[in-house]
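To start, the structure itself, in structure tokens.
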Amino acid sequence: MSHLHAIAARSGAGLLLGAVALAATPAHRVPGDPAAVSAKLSEWKVELSERTIAAGTVTFTVANVGSIPHAFEVEGQGIEQETGVIQPGASATLTLTLGPGTYEVYCPVGADSHKKLGMETDLKVVAAKGSGASGYGASEMSGSNMAQMSGSPARGDNVQAIRVTGGGPVIQILPGAFPFPDSAAPILKQFGDEREGLESQVKNGPYSNNVTTIAGTFTFTAWDKGAVRDSVDGVAEFTSQDGARWKLVLDRVQTKDVPHHPRFGGVILGLYYHGNTTVHTPLVPTIKSAVALWAFGHLYKNGALVTDNAMVHVMLLSRTRRDGDFALACWDCSKNKIEELQLQILPGPGEPKFDAPGGFLFVNWQKSSSAKPAS
Ligand SMILES: [Cu+2]
């Protein structure tokens with residue numbers, strides 16, 4: 001140790017870095033040993049013990065520390081290899097021979113919905129040099145550089161926006177039974193603490209065939225800026241089945257993240273979820289959304305303020321209801337045309353239920369459209 005420091009002091013910064021890295025390298029490691037990387041999967045991230053490794057054979061030991069099934073895939077440089085599905089609490093290994101380059105590491109479950117929700121990171125593989133020590137020195141340094149960059153730069157810099165206009169028949173959904181209880185049952189089993197509350201919604205919840213036609217308008221713009229900088233702007237006005245006039249003014253996105261209900265800055269574009277995906281409640285059919293958002297809004301009834309903290313969930317999604325009686329038509333609706341605009345409004349945390357059937361407001365615009373807003 002003191003010998004290394006002496007060399008570093010005499011020879012400048014380059015060698016100092018090498019010396020620090022050498023000191024951190026396990027003494028028993030020799031060039032040619034397979035590298036070992038441990039990975040942890042959970043909702044909604046992939047964590048690697050190393051962000052940079054030397055080229056060669058590497059064994060990933062992957063633990064699912066989350067509460068729903070996940071898997072682990074490494075993709076890049078012509079390689080695309082994955083584990084099978086790993087149940088919560090279980091582990092799997094994946095041994096690969098990787099050449100230099102950057103690899104995408106992610107969870108492939110749910111047609112990339114888990115990846116979109118944040119379960120992705122990258123792994124850098126650097127050329128293994130003759131000396132194991134110098135190779136490791138380079139690794140350690142680029143590893144910490146990457147940690148400083150943190151997150152996913154591509155996502156942060158690439159602001160996407162969508163403007164949605166509600167159209168077609170407007171319907172209010174009233175409390176009732178969920179029409180696909182048998183399909184939802186095995187998914188609900190994976191929902192832990194939330195299961196009981198969700199199971200009561202199977203019998204009498206907001207996703208029912210108890211529907212009435214009403215009138216109203218809804219237009220909004222949402223910006224997906226990654227992390228927690230998303231934003232939203234829009235107004236909905238409708239007259240509910242009892243004749244009350246409601247107005248919702250979207251205020252700000254909801255950024256808090258809870259298990260099974262990731263919000264990711266509030267706005268997410270192009271997500272495949274619900275139903276059999278185990279992402280969010282299965283008491284909504286499996287769908288693909290052009291945009292999904294979670295926000296707070298100001299809610300007025302007959303011109304009087306009800307709350308400044310109404311909790312709002314909006315999706316422009318593949319059609320789930322048929323024409324005519326607007327009954328739910330599919331358990332897997334993900335291939336249907338994306339034109340159903342759903343607006344769900346719930347009381348804020350700790351606030352009383354709304355004076356509406358079931359205490360919530362749930363309105364759909366069945367033939368809606370979207371566009372890229374002018375910047
Ligand atoms: Cu996953």
Side-chain angles (χ1 to χ4, degrees), residues 164-181 183-184 188 197-220 234-248 250 261 273-275 280-295 297 299-301 306-307 310-334 336-347 353-368:
V164 178
T165 305
V170 186
I171 57 172
Q172 181 179 5
I173 296 128
L174 304 165
F178 183 64
F180 305 103
S183 304
L188 278 172
L198 287 168
E199 279 176 348
S200 77
Q201 290 186 12
V202 174
K203 297 185 192 82
N204 195 28
Y207 226 88
S208 76
N209 285 342
N210 186 7
V211 167
T212 181
T213 305
I214 60 166
T217 58
F218 184 22
T219 301
F220 71 91
V235 175
E237 289 183 274
F238 56 90
T239 301
S240 53
Q241 107 293 351
D242 56 1
R245 290 174 293 108
W246 298 88
K247 179 176 182 180
L248 174 79
L250 292 171
H261 301 275
Y273 74 133
H274 285 304
H280 283 223
T281 172
L283 302 181
V284 174
T286 311
I287 56 95
K288 173 115 186 182
S289 61
V291 57
L293 67 88
W294 291 264
L299 182 68
Y300 304 83
K301 182 182 185 184
V306 175
T307 173
M311 292 182 68
V312 182
H313 179 33
V314 175
M315 291 190 277
L316 176 64
L317 72 164
S318 32
R319 276 284 290 265
T320 64
R321 294 177 184 274
R322 62 191 179 212
D323 290 329
D325 63 359
F326 304 109
L328 282 164
C330 40
W331 161 247
D332 183 348
C333 309
S334 59
N336 291 355
K337 190 174 180 194
I338 296 182
E339 61 178 9
E340 191 169 286
L341 175 59
Q342 298 189 351
L343 169 64
Q344 281 178 282
I345 314 173
L346 293 167
K353 287 188 166 191
F354 300 144
D355 181 15
F360 60 84
L361 294 164
F362 186 6
V363 179
N364 285 11
W365 284 259
Q366 290 301 107
K367 289 198 172 164
S368 303

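FYI, the numbering just counts along the sequence from 1. Everything numeric here is computed off the predicted structure, so don't read it as measured data.
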Any donor-acceptor N/O pair, [X] side chain to [Y] backbone, under 3.5 Å:
X	Y	value
S368	G167	yes
Q172	Q241	yes
S289	M315	no
T239	A215	no
E340	T320	yes
N204	A177	no

Practice task
Working to the nearest 0.5 Å, report the span between CG of L361 and CG of L174.
Solution key: 10.0 Å
Are the side chains of [X] and [Y] in touch, meaning some heavy atoms are under 4.5 Å apart?
X	Y	answer
V164	V314	no
M311	H313	no
L188	V202	yes
D325	V211	no
L250	L248	yes
P282	F180	no

Looking at residues at least two apart in the chain, or sitting in another chain, which of them share a side chain to side chain donor-acceptor pair (under 3.5 Å) with [X]?
X	answer
E339	R319
N209	none
T307	E351

Exercise for the section: May I ask you to decide if the ring planes of F354 and W246 are parallel, tilted or perpendicular, using 30° and 60° as cut-offs? Expected result: tilted
Exercise for the section: Mind telling me whether H274 and H280 have parallel, tilted or perpendicular rings, with 30° and 60° as the class edges? Expected result: perpendicular
Minimum heavy-atom distance [X]-[Y], with the two atoms named:
X	Y	answer
I214	I171	CG1-C, 4.2 Å
A356	F360	CB-O, 3.6 Å
L283	L198	CD1-O, 3.1 Å
I338	A290	CG2-CB, 3.8 Å
S208	L328	O-CD1, 4.3 Å
W331	V284	CZ3-O, 4.2 Å

Problem - Exercise: do Q342 and Q344 side chains pair donor with acceptor under 3.5 Å - result: no
Exercise for the section: Please list all pairs passing the salt bridge (Lys or Arg N to Asp or Glu O under 4.0 Å) test where one or both residues lie in residues 353-368, with sequence neighbours left out. Expected result: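 Found K301-D355.
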Problem - Candidate pair T281 and Y207, rule side-chain contact (heavy atoms from CB on, under 4.5 Å), full reasoning - result: CA-CA 11 Å; T281 172; Y207 226 88; over 6 Å; no
Handout entry: side-chain contact (heavy atoms from CB on, under 4.5 Å) between N364 and F326, intermediate numbers included
Key = CA-CA 10 Å; N364 285 11; F326 304 109; over 6 Å; no
Exercise for the section: Verify side-chain contact (heavy atoms from CB on, under 4.5 Å) between I287 and Y273, making sure each step is shown before the conclusion. Expected result: CA-CA 6 Å; I287 56 95; Y273 74 133; 3.6 Å; yes
Exercise for the section: Under the side-chain contact (heavy atoms from CB on, under 4.5 Å) rule, collect the residues that match up with T165, sequence neighbours excluded. Expected result: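 side-chain contact (heavy atoms from CB on, under 4.5 Å) check on T165 returns T219, S369.
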Problem - Non-neighbouring partners of F218 that pass ring pair (Phe, Tyr, Trp, His ring centres under 6.0 Å), sequence neighbours left out - result: F220, W365
